[in-house]
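Here the structure is a predicted model, which means the values were calculated and not measured. In this chain, residues are counted from 1 in sequence order.
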Amino acid sequence: MDIGRSFIIKASMNEAKFDALDQYGTSDLFTEAERAALDYVTALTKDKEAEPATFARLSRYYSEREICEIVWLVASEHLYNMTNIGLNIHSDLLCDISRRKIRPQGDTRLVEAKASVL
C-alpha cells in the first residue's frame, strides 16, 4: 500500500477514500461500480478465484478491456509482492515521505509517531 498511498497523496486525490478502503462495502465514499470492482479484486487476492455472480456484477459496470486491466493489475501487484517477500524487501516508506512533503512546516506528527513506534 505504500506506493499506492504515495501516488494518491502526490496526486492530491481523496486520501480519506483511500483510508476507507477497508470499509468500502458500507462507506458512502464508494460507488456501486467501485464496490463491484473491490469485491472482485478481493476475491481474486484472497481466494485466487471469483464466483460467477461476482464477475457478473463487475461486468455490469466495466467493459471487457477494463476487466482485463483490473485482472492485470491484481496479478502484477501479486507478482511484485511475492518478489519482495521472497527477497526480504520491506516497505520503502514512500507514504511517510509523501506525507512529510505535504505537511506544513513545523508539523512533526509523523516524526513523533514514528519515534513512538521505534
TODO: Quick one: closest heavy-atom pair of Ala33 and Tyr62, and the distance?
DONE: O-OH, 3.1 Å

TODO: Determine yes or no for a side-chain-to-main-chain donor-acceptor pair under 3.5 angstrom, with Ser27 supplying the side chain and Phe30 the backbone.
DONE: no

Open item on the list: Run the side-chain contact (heavy atoms from CB on, under 4.5 Å) test on Asp39 and Tyr24 for me, step by step, so that the C-alpha distance in whole Å, both residues' side-chain angles and the decisive distance to 0.1 Å come before the verdict.
Closed with: CA-CA 9 Å; Asp39 282 343; Tyr24 75 86; 2.4 Å; yes

If you look only at distance, which donor and acceptor atoms sit under 3.5 Å apart when one is on a side chain in residues 40-50 and the other is two or more places apart or in another chain?
from: Thr42; atom 1: OG1; to: Leu38; atom 2: O; distance (Å): 2.6
from: Thr45; atom 1: OG1; to: Val41; atom 2: O; distance (Å): 2.7
from: Lys48; atom 1: NZ; to: Thr45; atom 2: O; distance (Å): 2.6

- [ ] Return yes when atom CD of Glu51 has more than 12 non-hydrogen atoms of other residues, nucleotides or ligands closer than 6.0 Å, and no otherwise.
- [x] no

Do any side-chain atoms of residues 81-88 form donor-acceptor pairs under 3.5 angstrom with protein atoms, and if so which ones, sequence neighbours left out?
from: Asn81; atom 1: ND2; to: Glu77; atom 2: O; distance (Å): 3.1
from: Thr83; atom 1: OG1; to: Leu79; atom 2: O; distance (Å): 2.8
from: Asn88; atom 1: OD1; to: His90; atom 2: NE2; distance (Å): 3.0

Task: Heavy-atom check, side chain of Phe55 versus side chain of Ile67, under 4.5 Å - done: yes

Task: Remaining members of the apolar cluster that contains Trp72, side-chain heavy atoms under 4.5 Å - done: Leu73

Open item on the list: Any carboxylate oxygen within less than 4.0 angstrom of a Lys/Arg side-chain nitrogen, looking at Arg60 and Glu32?
Closed with: no

TODO: Decide whether Val74 and Tyr80 are clustered together by the hydrophobic rule: side chain heavy atoms of Ile, Leu, Val, Met, Phe, Trp, Tyr closer than 4.5 Å, transitively.
DONE: no

